[in-house]
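All remarks here apply to the structure that follows.
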Amino acid sequence: MTEPLKALDWLALSRSTLDRVGERRRDDPWLADAWADPRTRVLVVERGTALVRPGPALVLLGPGEAPEGERYLLGVDADGVAHFAVSAPLPAIEGSDPADLRRVGAALSDRDAGLLTQAVALQNWHATHTHCPRCGALTRLASAGHTRICSVDGSEHFPRTDPAVIMLVHDGERILLASGTRWPADRVSILAGFVEPGESLEQAVAREVQEEVGVVVRDCRYLGSQPWPLPRSLMIGFFATADPGQEIRIDEDEISGARWYTREELKAATESEEIRLPGRVSIARQLIERWYGGRLPGDW
């Protein structure tokens, strides 16, 4: 029997320290008291960005300082302090700048990474689900930002997350890296794709690899998952084994090039900046460095 792989031990956007207190989302008196509490902290989000101070650290406001906007309950910390997000234009605060998850997600603390990831995911969902998918009527926010309710038929709609597999293909000695058709020539990563209806995660891994590079894989091993709220995905990471000697046949609509790298070739190519790997905020980078066995230089 093949030994299971050890799960990835650090993923930038899978960190959080708050209790999401789902039981409080419909508790209107508790929500009102929490918003009136001066200890409560509020994160303002605008189109996926928030204000960040050097450190970096999120700028969190008191309820009385927060602008008007859609309000989402994010959770409660170990000291009982409630945290909300408000979807609104970012205020002007000296010493801070707007930043998004790609820029600062890997550098934020566990608490701040979890806050911004959840807030951006909720804001993106609300922005694209203003109308009922059943009848087309307007919907309204409910459950402290965790559902929307149709104004005509009363149907309740929950935030949507699209599962996507992301897989490091290797043959034991070599890793397969590819470039997307819209990327700069030196940018490479591992393969990924959305799970189709009626498909298992393992089936999606095998299908996507064969569609994109014409390689047959086996022995798909799960290593971890990370939310990617850009706009609403969950990236589910795998290692997949390919038998040596297979010809690469790229899907030219999606892939501009693909090739195999030994560990020595991968190190040399990143050190010379011949290729650039995804940043540490991505699960792709963590999977690549897990296979390599250590840190690699450079990123997008």
Side-chain angles (χ1 to χ4, degrees), residues 5-6 8-14 56 99-107 164-194 205-221 223-226 228 230 233 235-300:
L5 288 168
K6 182 176 180 285
L8 295 171
D9 55 10
W10 188 89
L11 288 165
L13 305 188
S14 293
D100 61 15
L101 284 168
R102 282 189 175 92
R103 177 180 161 194
V104 299
V165 290
I166 182 164
M167 44 279 179
L168 183 146
V169 178
H170 68 94
D171 65 5
E173 300 300 322
R174 301 178 302 168
I175 183 178
L176 181 62
L177 297 177
S179 295
T181 54
R182 299 181 181 180
W183 298 355
D186 61 349
R187 182 182 294 185
V188 298
S189 187
I190 56 180
L191 303 174
F194 288 105
V205 168
R207 175 186 54 77
E208 284 286 345
V209 174
Q210 191 160 26
E211 287 178 356
E212 293 188 354
V213 293
V215 172
V216 176
V217 296
R218 55 179 172 80
D219 193 24
C220 300
R221 302 294 191 87
L223 275 89
S225 65
Q226 169 166 277
W228 191 250
L230 307 166
S233 301
M235 306 303 295
I236 306 162
F238 289 87
F239 275 9
T241 304
D243 291 327
Q246 297 185 61
E247 179 186 355
I248 295 175
R249 300 185 305 275
I250 64 171
D251 175 359
E252 295 183 354
D253 290 335
E254 295 192 37
I255 305 295
S256 61
R259 60 159 285 192
W260 295 97
Y261 292 84
T262 65
R263 287 178 173 82
E264 292 74 19
E265 290 169 340
L266 180 60
K267 181 182 180 183
T270 53
E271 287 180 342
S272 68
E273 300 184 345
E274 174 189 340
I275 62 172
R276 291 187 297 150
L277 301 176
R280 282 178 52 77
V281 73
S282 70
I283 189 172
R285 181 59 170 257
Q286 306 309 317
L287 289 166
I288 292 168
E289 292 187 336
R290 165 62 64 85
W291 177 85
Y292 175 73
R295 296 288 290 271
L296 287 162
D299 59 44
W300 294 356

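All values below come from the heavy atoms of this structure, side chains included, with hydrogens, waters and symmetry mates left out.
- Closest heavy-atom contact between Val205 and Ala240: CG1-CB, 4.0 Å.
- Closest of all the heavy-atom pairs between Val215 and Glu247 is CG2-O, 4.3 Å.
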With side chain to side chain contact (heavy atoms under 4.5 Å, CB included) as the criterion, how do Leu8 and Leu287 come out once you've worked through the C-alpha distance, each side chain's angles and the decisive distance to 0.1 Å?
CA-CA 8 Å; Leu8 295 171; Leu287 289 166; 3.8 Å; yes

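- Note that CG of Leu223 is 11.5 Å distant from CD of Gln286, once rounded to the nearest 0.5 Å.
- For the pair Arg276 and Trp183, the cation does not sit on the ring face, since its NZ or CZ is not both under 6.0 Å from the ring centre and inside 45° of the axis.
- Taken to the nearest 0.5 Å, the CG atom of Leu101 stands 7.5 Å off from the CH2 atom of Trp228.
- For the atom pair CZ (Arg221) and CZ (Arg218), the distance works out to 10.0 Å, reported to the nearest 0.5 Å.
- No donor-acceptor distance shorter than 3.5 angstrom exists from the side chain of Thr181 to the backbone of Ser256, with no hydrogens or angles considered.
- Leu176 pairs with exactly one of Val217, Leu168, Val213 by the side chain to side chain contact (heavy atoms under 4.5 Å, CB included) rule, that one being Val213.
- Between Leu177 and the choices Leu266, Leu191, Val169, the side chain to side chain contact (heavy atoms under 4.5 Å, CB included) rule is met once, by Leu266.
- Using a 4.5 Å heavy-atom threshold, the side chains of Pro278 and Ile190 count as separate.
- Scanning all heavy atoms of the two residues, the minimum distance from Gln226 to Leu13 falls at OE1-N, 2.8 Å.
- Between the OG atom in Ser189 and the CD1 atom in Ile166 there is a gap of 5.5 Å [rounded to 0.5 Å].
- Residue Gly294 comes nearest to Tyr292 through the heavy atom pair O-CD2, 3.4 Å, listed as atom of the first residue, atom of the second, then distance.
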Could you check Glu265 against Arg174 for side chain to side chain contact (heavy atoms under 4.5 Å, CB included), going step by step and ending with a plain yes or no?
CA-CA 9 Å; Glu265 290 169 340; Arg174 301 178 302 168; 5.6 Å; no

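- In this structure, the side chain of Arg285 engages the main chain of Leu296 through a donor-acceptor pair within 3.5 Å.
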Steps toward side chain to side chain contact (heavy atoms under 4.5 Å, CB included) verdict (Arg263, Trp291):
CA-CA 9 Å; Arg263 287 178 173 82; Trp291 177 85; 3.5 Å; yes

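- Thr262 places no side-chain N or O within donor-acceptor distance of the main-chain N or O of Glu173, the cut-off being under 3.5 Å.
- For the pair Arg259/Val188, no side-chain contact is recorded, criterion being any heavy-atom separation below 4.5 Å from C-beta on.
- Listed here is the closest heavy atom pair of Val216 and Gln210: CG2-NE2, 3.6 Å.
- Proximity of a side-chain donor or acceptor of Arg290 to a complementary backbone N or O of Lys6 within less than 3.5 Å is detected.
- Considering CD1 of Ile275 and OG of Ser179, their distance stands at 8.5 Å, rounded to 0.5 Å.
- Here the closest non-hydrogen pair linking Glu289 and Arg280 is OE1-NH1, 4.2 Å.
- Of the inter-residue distances, the one linking Glu211 atom CD with Ile255 atom CD1 reads 11.0 Å to the nearest 0.5 angstrom.
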Are Phe238 and Ile236 close enough, and set up right, to give a side chain to side chain contact (heavy atoms under 4.5 Å, CB included), and what steps lead you there?
CA-CA 7 Å; Phe238 289 87; Ile236 306 162; 3.6 Å; yes

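- With contacts defined as side-chain heavy-atom distances shorter than 4.5 Å, the pair Glu212/Ile250 does not qualify.
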